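Per chain, numbering begins at 1; letters A, B, ... match sequence-line order. In this text, all values refer to a predicted model and were calculated from it rather than measured experimentally.
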Amino acid sequence: MRIRRSTFTPAPGAYSGCERNEQHFKRLAGRKIKEKTMTEKRGIAPTERLRQDKELKLERLREAGINPYPYRFDRNTTTVECIANESAWIEEGKEVMLAGRLMSQRVMGKSCFANLEDRDGNIQIFLRKDEIGEDEYKRFAKLMEVGDHVGVRGVLFRTRTDELSVRVAEVTLLGKSMLALPEKHHGLRDPELRARQRYTDLAANSDVRQLFITRSRMLRLIREFFEEQGFLEVETPVLQPLYGGASARPFTTQHNALDTKLYMRIANELYLKRLIVGGLDRVFEVAKIFRNEGMDRSHNPEFTMLEAYASYWDYNDLMPFIEELYRRLAVELTGSAQIVFGDHTIDLGSPWERLDFYDALEKYTGRDLRGADEEALAAFADELSIDVDPSWNRGKLLDAIMSKKVEPNFIQPVFLMDHPKEISPLAKDHRDKPGQVERFEPFIATMEVANAFSELNDPAEQRRRFEAQMGLRAKGDDEAQVMDEDFIRALEIGMPPTAGLGIGIDRLVMLLTNSHHIREILLFPMMRPEA
RNA sequence: GCGCCACUAGCUCAGUUGGCAGAGCAUCUGACUCUUAAUCAGGCGGUCCGGGGUUCGAAUCCCUGGUGGCGUACCA
């Protein structure tokens, strides 16, 4: 903890019993001694002074018989409802009871303006000494301050400068703030502090609250969409004895009672397909996924992925399905199927381009790689100044060339289709294209936003694919998938033709909120622990 | 991982060639009954990220450690 840079040190005893905070207070205590000696010459340190001011206010409130942390408040409306019903409520003289955080306070002798902010909005409140009484007025002006939670009772009116306001008859302190809120004009900017202290970020920056409200609405719309189409929402294990369904390194953990190693899931694919085998027909899950890999602007070690499986569909059914879903989300959340992302305007409305994997490579590299063998691909990758790992096979090489030379061109939505079999161990062979599978990945703004295929349901073929993966693993590819005998048994029980889909929820939120870092759209992104 | 950049008051930021550490907001005191980044007057507030070095003198130059940002690599 870099104490010097942090205003937001909790009150001693506030979280007693928490080891981290005990350490924290030890440091604070050490610091106080140091500052006391400084006080003699230079006065009191700002964090200490702010705390002392606030503690004095608390004490005075208690002396006046006010509980600074009361139990509840009966609000009968919100700021947004006040704005929406303004004229009717002014006319009928409706008494409104609002609760929120005090975000500004302008005291002018015997009258005072302030702003009250709740989750969705902000409204000005107005207090006069001769209307609420001297004691209550003084308490509000002197002992309540920006950051405090307050409740007010009053009526709506328009000020002389024509701003909708609440003429307050009674003000109630609902929760005293003991630490200063960030500067009111600029808010909290430091990206590290914003992520580490999301509570402060949310309190200080209303646009951040709006973004996470949008994320929540998006998830609700997605659930509605899948349910309309007859999908059943299910839950599958996070802790798994075998991990599978994707190529990635897992987090490992230990179950004490079973004395066994467990993995945090890197995908839920194999479990959802077991449910299709069992006859649940159409299922989906909004799943927290964990991958033990690097972090950057579009990767967090834990992230949210939606996976869905539909019996009797193939991957051709999923393309219009995804187009419709994304278009609807854009329209509902941004008001238009044309969304702005950075410098680009992206059209989610019209049918998306469909591009065969090898055609895409040819289009952007000028080379037809369909028949190219491993050696030729390695040479070509080298030519394109791609760092080639000698352990890479044909599939990895193709994938690397695709990532480096082709994907950066995918600004407008495109379905990249029919991937090489080598990099798709769970997808069904393409019905017409030997060596390729029935798979597609939609790209938008160069981000891979989903992954879908006609699911492989032939148990013998699935076994051969797993065996090929195990071969890669033996050669040192620690992302290769592992054999799952129980999954093979499930396929032997019998899986109908099925189409499967995975959607990266976080990336979709980034797209629809024009956010360019995953940290911006996760409430609590992974951060290095505070030292 | 690697490369480049940043770190100054609680917050947002200035700080010239190496020469006394600055502003706004917040906080405190006073004035003010329609303000709204309220205003006006006055006051308090600093481990210039930590450690080491060069120098008469370091926020500033050098070395080193920490944290973060951007780019790059693997991945969704």
Output yes when at least one side-chain N/O atom of A:H517 is less than 4.0 Å from OP1 or OP2 of B:C70, else no.
yes
Taking only N and O in the side chain of A:K404, is any of them less than 4.0 Å away from OP1 or OP2 of B:A73?
yes
What residues form a ring pair (Phe, Tyr, Trp, His ring centres under 6.0 Å) with [X], not counting sequence neighbours?
X	result
A:F466	none
A:F157	A:F126
A:Y271	none
A:F321	A:F225, A:F226, A:F231, A:W313

Classify [X] by what it touches in the nucleic acid, base, sugar-phosphate, or nothing, heavy-atom distance under 4.0 Å.
X	result
A:H516	nothing
A:S298	base
A:G187	sugar-phosphate
A:D506	nothing
A:G109	base
A:R249	nothing

The criterion is side-chain contact (heavy atoms from CB on, under 4.5 Å); which residues satisfy it with A:R153, sequence neighbours excluded?
A:E95, A:M97, A:A169, A:E170
Checking A:E383 now: which residues fulfil side-chain contact (heavy atoms from CB on, under 4.5 Å) with it, not counting sequence neighbours?
A:R367, A:F380
Using the salt bridge (charged side-chain N to carboxylate O under 4.0 Å, His left out) criterion, which residues pair with A:E145? Sequence neighbours excluded.
A:K54, A:K57, A:K176
Going by salt bridge (charged side-chain N to carboxylate O under 4.0 Å, His left out), name the residues that satisfy it together with A:K405, two or more places apart in sequence or in a different chain.
none
Secondary structure of RNA chain B in dot-bracket form (Watson-Crick or G-U wobble, distances below 3.5 Å, | marking inter-strand pairs)
(((((((..((((.....[..)))).(((((.......))))).....(((((..]....))))))))))))....
In whole Å, measure the gap between the P atoms of B:C49 and B:A14 for me.
14 Å
Determine the interatomic distance between P on B:G50 and the same-named atom on B:U8; round to the nearest Å.
10 Å
Could you tell me which residues satisfy side chain to side chain donor-acceptor pair (under 3.5 Å) with A:E86, sequence neighbours excluded, listed by chain and number?
A:R158
With rounding to the nearest 0.5 angstrom, report the CD to CD1 distance, A:E448 to A:I503.
12.0 Å
All N/O pairs under 3.5 Å across the protein-nucleotides 26-29 of chain B interface:
unit_1 : atom_1 : unit_2 : atom_2 : d
B:A26  : OP1    : A:K184 : NZ     : 2.9
B:U27  : O2'    : A:D53  : OD2    : 2.2
B:U27  : O2     : A:R49  : NH2    : 3.2
B:C28  : OP1    : A:K57  : NZ     : 2.6

Taking only N/O atoms, report every protein-nucleotides 34-36 of chain B pair under 3.5 Å with atom names and distance.
unit_1 : atom_1 : unit_2 : atom_2 : d
B:C34  : O2'    : A:R160 : NH1    : 3.4
B:C34  : O2     : A:R160 : N      : 2.6
B:C34  : N4     : A:R167 : NH2    : 3.2
B:U35  : O2     : A:R106 : NE     : 2.8
B:U35  : O2     : A:R106 : NH2    : 3.1
B:U35  : O2     : A:Q124 : OE1    : 3.3
B:U35  : N3     : A:Q124 : OE1    : 2.8
B:U35  : N3     : A:Q124 : NE2    : 2.9
B:U35  : O4     : A:Q124 : NE2    : 2.8
B:U35  : O4     : A:T159 : OG1    : 2.9
B:U35  : O4     : A:T161 : OG1    : 3.2
B:U36  : O4'    : A:R106 : NE     : 3.1
B:U36  : O2     : A:Q124 : OE1    : 3.1
B:U36  : O2     : A:E163 : OE1    : 2.8
B:U36  : N3     : A:E163 : OE1    : 2.5
B:U36  : O4     : A:T161 : OG1    : 2.1

Could you walk me through whether A:E407 and A:F443 satisfy the side-chain contact (heavy atoms from CB on, under 4.5 Å) test, starting with their C-alpha distance in whole Å, then the side-chain angles of each, then the deciding distance to 0.1 Å, before giving a yes or no?
CA-CA 8 Å; A:E407 289 173 12; A:F443 282 84; 3.4 Å; yes
